[in-house]
Trainee: 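What follows is a structure written as structure tokens; I'll ask about it next.
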Number of protein chains: 2
Amino acid sequence: MGTTKTDLFTKEQNEIALMMKAIAHPARIAILQELLKINACVCGDLVNELGLAQATISQHLKELKSVGLIQGTIEGTSVCYCIDPVVWNEYRQVFTDFFMVMDNTNKCC
Amino acid sequence: MGTTKTDLFTKEQNEIALMMKAIAHPARIAILQELLKINACVCGDLVNELGLAQATISQHLKELKSVGLIQGTIEGTSVCYCIDPVVWNEYRQVFTDFFMVMDNTNKCC
DNA sequence: GAAATCAATCGTAATATTGCGATTGATGGG
DNA sequence: CCCATCAATCGCAATATTACGATTGATTTC
């Protein structure tokens with residue numbers, strides 16, 4: 001118990017869920033927005049910006065990196081993070097498709 | 001510990017996170033897709049369709065209802081669930097805005 | 001009214017997530 | 001080489017999520 005029963009659902013359903021989950025945290029949204037704004041970032045800046053501990057932010061960055069949304073390259077002592085535009089656009093497409101299905105005229109109850 | 005520190009983030013960031021979280025589960029995605037497809041549904045059908053226990057599906061329906069994405073009206077012994085098109089379109093707009101910010105030409109690292 | 005049916009709720013167990021202090025590993029400057 | 005700095009990782013605690021059996025409450029049917 002306690003684990004999501006992924007075998008009951010389609011590959012697409014599981015993938016969309018994972019994509020949503022990757023972004024479904026205010027800290028990760030803040031990180032993404034920050035990266036979008038200044039178009040490049042080192043982790044230290046994010047620690048100062050967000051107010052969370054360094055270990056916590058590093059963990060959120062790891063999650064975003066694991067789904068490919070961001071990438072980090074070592075830049076001297078610090079690490080430069082930025083959004084991967086290809087993956088970002090894939091996400092946009094998937095989300096757009098998901099919400100586009102709606103035929104909003106019919107409302108049965 | 002263990003709790004998300006919502007006070008560190010903007011109202012918008014927390015709201016987007018909650019919206020994503022509401023959908024970030026394959027069962028809830030399956031429910032939404034099913035509701036979109038047949039445009040109306042009773043809970044029993046979903047139990048047969050998804051393979052999860054009745055209590056579990058009822059719980060997922062409750063979560064979707066709590067964010068306003070679906071609404072249920074009592075129809076005899078069963079309950080008729082359907083998507084609220086207004087909230088659905090709000091979600092679409094928020095998600096579209098979130099992903100639209102990208103200026104995908106620049107990639108720093 | 002009794003039995004049947006459907007969905008919500010309760011209680012509980014298992015697992016996942018969030019957050020942080022402390023440590024580690026790598027790099028640059030002196 | 002030694003020290004400072006930055007980010008990743010480890011280990012832990014607190015909380016949240018997921019799932020289900022059992023029960024409850026409402027409604028329909030007989």
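Chain letters run A, B, ... following the sequence lines, proteins first and then strands; every chain starts at 1.
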Trainee: My understanding is that only residues two or more places apart in sequence, or in another chain, count here; which of them pass side-chain hydrogen bond (donor to acceptor under 3.5 Å, both in side chains) with A:E34?
Mentor: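 For A:E34 there are no side-chain hydrogen bond (donor to acceptor under 3.5 Å, both in side chains) partners, ignoring immediate neighbours.
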
Trainee: Send over the distance from B:E63 CD to C:dT9 P, rounded to a whole Å.
Mentor: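 Rounded to the whole Å, the gap is 13 Å.
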
Trainee: Identify, with sequence neighbours excluded, every residue that meets side-chain hydrogen bond (donor to acceptor under 3.5 Å, both in side chains) alongside B:D45.
Mentor: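 Counting only residues at least two positions away or on another chain, B:D45 forms no side-chain hydrogen bond (donor to acceptor under 3.5 Å, both in side chains).
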
Trainee: Can you pull out the residues from residues 7-27 of chain B that lie within a 4.0 Å heavy-atom distance of DNA chain C?
Mentor: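 Residues of residues 7-27 of chain B under 4.0 Å from DNA chain C: none.
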
Trainee: Please answer whether the main-chain N or O of B:Q54 pairs with a side-chain N or O of B:S58 as donor and acceptor at a distance below 3.5 Å.
Mentor: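 No, B:S58 side chain to B:Q54 backbone: no donor-acceptor pair under 3.5 Å.
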
Trainee: Any non-hydrogen side-chain atom of A:Y81 less than 4.5 Å from a side-chain atom of A:L64?
Mentor: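 No, every pair of side-chain atoms sits at 4.5 Å or beyond.
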
Trainee: Can you list the residues that meet the side-chain hydrogen bond (donor to acceptor under 3.5 Å, both in side chains) rule with A:Q59, with sequence neighbours excluded?
Mentor: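 Here no residue qualifies.
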
Trainee: Using atom names, set out every protein N or O paired with an N or O of nucleotides 3-5 of chain C below 3.5 Å, distance rounded to 0.1 Å.
Mentor:
none

Trainee: By nearest heavy atom, map A:D45 and A:M1 onto DNA chain D; which one lands nearer the 5' end?
Mentor: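 Nearer the 5' end of the strand: A:D45.
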
Trainee: Between A:R28 (CZ) and C:dA16 (C1'), how many Å, whole number?
Mentor: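 Result: 12 Å.
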
Trainee: Can you pull the contact range of chain A along DNA chain D, 5' to 3', using atoms under 4.0 angstrom from its heavy atoms?
Mentor: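 From 5' to 3', the first and last contacting nucleotides are D:dT5 to D:dC20.
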
Trainee: Within residues 48-60 of chain B, find the residues that approach DNA chain C with a heavy atom at under 4.0 Å, and present them sorted by residue number.
Mentor: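 The answer is B:Q54, B:A55, B:S58.
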
Trainee: Side chains of B:I29 and A:F9: does their closest heavy-atom pair fall under 4.5 Å?
Mentor: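 No. Closest side-chain heavy atoms not under 4.5 Å.
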
Trainee: Tell me: NZ of B:K62 to C1' of C:dC6, nearest whole Å?
Mentor: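 Checked: the NZ to C1' distance equals 17 Å.
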
Trainee: With ring-ring contact (aromatic ring centres under 6.0 Å, His included) as the rule and sequence neighbours excluded, what pairs involving residues 27-51 of chain A come up?
Mentor: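 Counting only pairs at least two positions apart or across chains, no ring-ring contact (aromatic ring centres under 6.0 Å, His included) contact touches residues 27-51 of chain A.
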
Trainee: For residues 60-72 of chain B, which residue pairs pass the salt bridge (Lys or Arg N to Asp or Glu O under 4.0 Å) check, not counting sequence neighbours?
Mentor: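 Salt bridge (Lys or Arg N to Asp or Glu O under 4.0 Å) check on residues 60-72 of chain B returns B:R28-B:E63.
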
Trainee: Are any non-hydrogen side-chain atoms of B:L46 and B:L61 less than 4.5 angstrom apart?
Mentor: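 Yes, their side chains come closer than 4.5 Å.
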
Trainee: Using a cut-off of 4.0 Å on non-hydrogen atoms, how would the nucleic acid contact of A:V42 be classed: base, sugar-phosphate, or nothing?
Mentor: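 Sugar-phosphate, backbone atoms only, no base.
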
Trainee: Enumerate the ring-ring contact (aromatic ring centres under 6.0 Å, His included) contacts for residues 12-48 of chain B, please, sequence neighbours excluded, ordered by first and then second residue.
Mentor: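 Counting only pairs at least two positions apart or across chains, the ring-ring contact (aromatic ring centres under 6.0 Å, His included) contacts touching residues 12-48 of chain B are B:H25-B:H60.
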
Trainee: Are any of the side-chain heavy atoms of A:L8 and B:L50 separated by less than 4.5 Å?
Mentor: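 No, their side chains stay 4.5 Å or more apart.
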
Trainee: Report all side-chain donor-acceptor pairs from residues 11-18 of chain B shorter than 3.5 Å, counting only partners two or more places apart or in another chain.
Mentor:
{"residue": "B:Q13", "atom": "OE1", "partner": "B:T10", "partner atom": "N", "Å": "3.0"}
{"residue": "B:Q13", "atom": "OE1", "partner": "B:T10", "partner atom": "OG1", "Å": "3.3"}
{"residue": "B:Q13", "atom": "NE2", "partner": "A:Q33", "partner atom": "OE1", "Å": "2.8"}
{"residue": "B:N14", "atom": "ND2", "partner": "B:T6", "partner atom": "O", "Å": "3.0"}
{"residue": "B:N14", "atom": "ND2", "partner": "B:T10", "partner atom": "O", "Å": "3.2"}

Trainee: Reading DNA chain C from 5' onward, which residue's closest nucleotide shows up sooner: B:T6 or B:C43?
Mentor: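 Looking at DNA chain C, the more 5' nearest nucleotide goes with B:C43.
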
Trainee: Return the set of residues passing ring-ring contact (aromatic ring centres under 6.0 Å, His included) with B:F95 (not counting sequence neighbours), or none when no residue passes.
Mentor: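 Only A:F95, A:F99 meet the ring-ring contact (aromatic ring centres under 6.0 Å, His included) criterion with B:F95.
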
Trainee: To the nearest Å, how far apart are A:L61 CG and C:dC20 P?
Mentor: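 Between P of C:dC20 and CG of A:L61: 14 Å.
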
